[in-house]
Structure formats: structure tokens, C-alpha cells
2 protein chains.
Amino acid sequence: MYREYPMPTAAKADPAAPGRGRRTTRASGDDRERSILETAEQLLEERPLSEISVDDLAKGAGISRPTFYFYFPSKDAVVLTIIDRLVAAAAGSREQALRTLAEGDPRAGLRQGLADLYAAFRSRRAVTLAAAELRMTNPEARELWAQVLEGWVADVTAVIEAERARGAAPAGEPARDMAIALVQMNERVQYASFAGESPSLEQDRVLDVLVDIWLRAIYGSAEPTSL
Amino acid sequence: MYREYPMPTAAKADPAAPGRGRRTTRASGDDRERSILETAEQLLEERPLSEISVDDLAKGAGISRPTFYFYFPSKDAVVLTIIDRLVAAAAGSREQALRTLAEGDPRAGLRQGLADLYAAFRSRRAVTLAAAELRMTNPEARELWAQVLEGWVADVTAVIEAERARGAAPAGEPARDMAIALVQMNERVQYASFAGESPSLEQDRVLDVLVDIWLRAIYGSAEPTSL
DNA sequence: GAACTTTATCAACACTGTGTCGAGAAGGTC
DNA sequence: GACCTTCTCGACACAGTGTTGATAAAGTTC
């Protein structure tokens, strides 16, 4: 059953929250809910969110439209649940990357981090695109995504500041400002690539190009190499 | 009256296209059309496109909903017309920038170009945001924007290649790939700033940060400054 | 200046999609 | 076997889109 969003905790759904019942918490119900989510993901592979109706989701899950509303308050809520899970998975990558970053070469760590993140979203292309679409009209989606970005920005800011502190990176614009621009660049470039927009990078070029710009932005200066 | 899109020509509307009539081409009609466009722009200052209905536009222009359809085939068409004009204005900035770029210091020209573009879109914040929103659901808007981006990417690619050719910029990822990523970064960063998203750059920081990253990406290398 | 054309207007309609209500079925519990 | 929950859906009320057809007003033609 759909629960109000507890912020991007996004852990596993907690089974049998109320009462002390063993685990017989319902069967049909959970099946239906899962079925709706699966239908949504499947339809998103075929067409954009705006062209999917509540009726499509209900039909796909084998229930009537009113019954859909027993499980989710709206189409947006379904997608938000799916996004929430994707974000949780991506958060795993992020922690992994931070660990790599802390112990090894920061440049290699950075590349690894960007690669993992890219892989996480590419593997759920349809959901990623739906998230961007939903963000345009839904405040909750906007808020969720904002928190995701904020997390990355904070991490990147810390990395840049650390590299500057140890003299590996030259001074420049405030680290947080750089981090915001770089993170947003990644977001946009990856989106365009997933969506197959007209000027966009080929899937297999995305990472190389982004990493190059990140490294130049962080470690290079704006001075010409030769004079 | 709304005409089918002749590609982003987007010059001034041609007055009195058919016949050799002096200039009495209608009065009420053009007024209404203008009135609808003005209403749309005004409402976009207040709320997102998705929360504006055809009825709102009709009411604002002092006509009934069916009459609206005499002037425009849809809400999207109205916004597309407005975007078209903004894009035309921005195209002016672009040419201006290219001229500066050709005759003077490329770095200064680049900065000037980015500044002009930024100014052009900032001055029509609401329309810029509406364009991004419309792009999500409307193929024509997507196409129009794609052509705009394509133009910039082509220009930037040429600049990067020229700078590399004259030895002012080091080799690196393909110039066009860099151009795509940089242009898309600008798009996203500016959008976030205009929309006041949660991690986003302050209006007065946008230009400095973007220019810094552009210059580092183009002129810097990915090697550390110190070792 | 009457007949005719073009331009403009809108009430009424048909349609699509959303979300709610209330009546009931299906199963578990005491 | 009365009694909850859980679940289901037909029927409704709404909001929004886009179309039709009847009609008015203005401009053109002879």
C-alpha cells in the first residue's frame, strides 16, 4: 500500500508495520501493488509518462480504475515510488565511490564515481527520463530530486576543497559553485543522451567527455597551455 | 493568425502577406492575437505552463474559449510562438558574439557571447522556463529547441577547433563532444538558476562559474597544476 | 444598397482523463 | 453466524480539450 513519503529514505519497504501478526500481512494486496509498479515501469519503456493514464496502469495490473486508487493516490505517486527506489540504488553507488575516493587516487576515484552513477541511471533509462518529466510538474518529485542533487553537490564540493587544500588543484571559483555546475552538467548530458536528443553525446562517449571536463575544471587552470 | 511553423526563421511577423491591400489587413483580429500572446506571457510570470488552461488565455484576452481556437490551434501553439520570438532575439546575440569572437581575443569573445546569451534568456525568464516545460511533452518544441542547441554547438565546435589549430588550446576529446557538454551545462545551470531550484547558482554567480569551466575545459589540460 | 464573401464569435456538444462515493463481495476472526 | 477488515468496481461529478454549426458584423462587388 502506498505510504506518505518518508523523505528519500528509500530503503526496502517495511513488511508488517502495524500489529504483531507474523507475516501474513496480505497477499493479494501486495501482489496488486507490485503489479501496478511493474506495469508502470514497463509502459515507461514504451512511451513518456504524459502519455500513460491511470486507466493504462489499472488495465495493465488487471484491475479497474477505482481499484487503482485503493493502492495509490495518483499516477504520480506510482512513479515517485519507482524513482525513490532508483535513487536508493544510486545512493549505493555514491557511497561506494566515496570510499574509493577516500583511499585511492582522487582522479581515479572521481572517474569511478561518475562511471558508477552513469551506469546506475543508464540501467534504468526509462525511469530516469520519467523522473525528469515528473519533476517539471510535481513538487514532490522536484523535492526528491533536489535532495539527490544536494547530496552529490556536497560530496563533490568536499572533494574539490580537499584537492585544493593539498595543493593538487589550483584555486578558482568557489568549490560549491563549481560542484553545482558540474553535477548539473552531468544530469543534462546524461538525460540528453538517454533521450536520444538531437545534439547529444553517444552513449559510449558520455563518460569520457564528462570526466575530461571535470578533471580540467578541477585540476586545470584557465590559462593557455602554450602561449 | 497562427501559421504553421516555418522553421526557426522567427523573424518579424510579415504584415499583409496576401493581396496588395494597403494596411487595413484587419484590426480586431491582430489585436486579439496579440492580446492572447500577452496574456500568456503575463500568466507565465505567475505560474507554470501546466497550470494555465486555454480558458485562462481566452478569459485574459477577453474572448470565449471557442474563439481562442480561431486564433491558435492550441495552448502549445501560443507558447511556441512566444518561444520562437525569444529564440529569434537570442539568435541576434549569437551573431553579435560570433563577430566579436572573430575579430578579437577568443577568450573575451567567448565570455561576451555567454554573457549576451545569458542576458537574453534571463530577461525573459518565464518564457525560458515555459520552453523547458513544453519541451518535455511537445515534439515541435523539442525540435525547435534542438535546432537552437545545434546552432550553438556548431559555433562552439568551430571555436574550439580554431583554438586548437592555432595552438592556443591543447588537444583533448573531440571538439564537438566538448561543445555539446558545455552547451548543455549552460542550459541546465541557467534553467536551475532561473527556476530557483534548490542546489543552484545565484543569478550573479552563473556567468563567472560557467565561463571559468568553459575556459578550463577548452584551454586547460586535465593535468595537475603542481605535482 | 442589395447580394455576397470573409472574418469573427460563441453556445452547445462530444470526448478524454481524473478522482470520489457508496454499495457490495470475499476472506479471516471470535 | 455476526462482524470486521480488505478489496472491488459501477456510477458519478469535474475539469479540460477541441469541434460544430448557427450567426453576426464588416468589407467587397456590381
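Naming: A, B, ... by sequence-line order, numbering from 1 per chain. What you see is a predicted model; the values in this text were computed from it and never measured.
Residues meeting the side-chain hydrogen bond (donor to acceptor under 3.5 Å, both in side chains) test with A:Q42, sequence neighbours left out: A:E46. With sequence neighbours excluded, the residues satisfying side-chain hydrogen bond (donor to acceptor under 3.5 Å, both in side chains) with B:S50 are B:E133. Take B:D55 and apply the side-chain hydrogen bond (donor to acceptor under 3.5 Å, both in side chains) test, not counting sequence neighbours, and it matches B:K59. Judged as a side-chain hydrogen bond (donor to acceptor under 3.5 Å, both in side chains), and not counting sequence neighbours, the contacts of B:W214 are B:N186. The ring pair (Phe, Tyr, Trp, His ring centres under 6.0 Å) search around A:F194 returns A:Y118, not counting sequence neighbours.
Pairs engaging residues 190-204 of chain B under the side chain to side chain donor-acceptor pair (under 3.5 Å) rule: B:R188-B:E197 [sequence neighbours left out]. Residue pairs meeting the salt bridge (charged side-chain N to carboxylate O under 4.0 Å, His left out) criterion with at least one partner in residues 110-123 of chain A, sequence neighbours excluded, are A:R111-A:D208.
Atoms OH (A:Y71) and C1' (D:dC9) sit 12 Å apart, rounded to a whole Å. Regarding A:R32, its CZ atom lies at a distance of 13 Å from the P atom of C:dA26, rounded to whole Å. A straight line from CZ of A:F68 to P of D:dC7 spans 16 Å, rounded to a whole angstrom. Across the protein-nucleic acid pair, B:I63 atom CD1 and C:dA11 atom C1' stand 15 Å apart, rounded to whole Å. The CZ-P distance, from A:F70 to C:dC21, rounds to 15 Å in whole Å.
Near DNA chain C, meaning a heavy atom under 4.0 Å from it, residues 42-49 of chain B has no residue at all.
Between A:T67 and D:dC9 there is a side-chain N or O to OP1 or OP2 distance below 4.0 Å.
Residues B:L114 and B:L207 form a side-chain contact, since some pair of their non-hydrogen atoms from C-beta on lies under 4.5 Å apart.
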Reading nucleotides 13-21 of chain D 5' to 3', which nucleotides get B (base under 4.0 Å from a protein heavy atom), which S (sugar-phosphate only), which -? ----BBB--
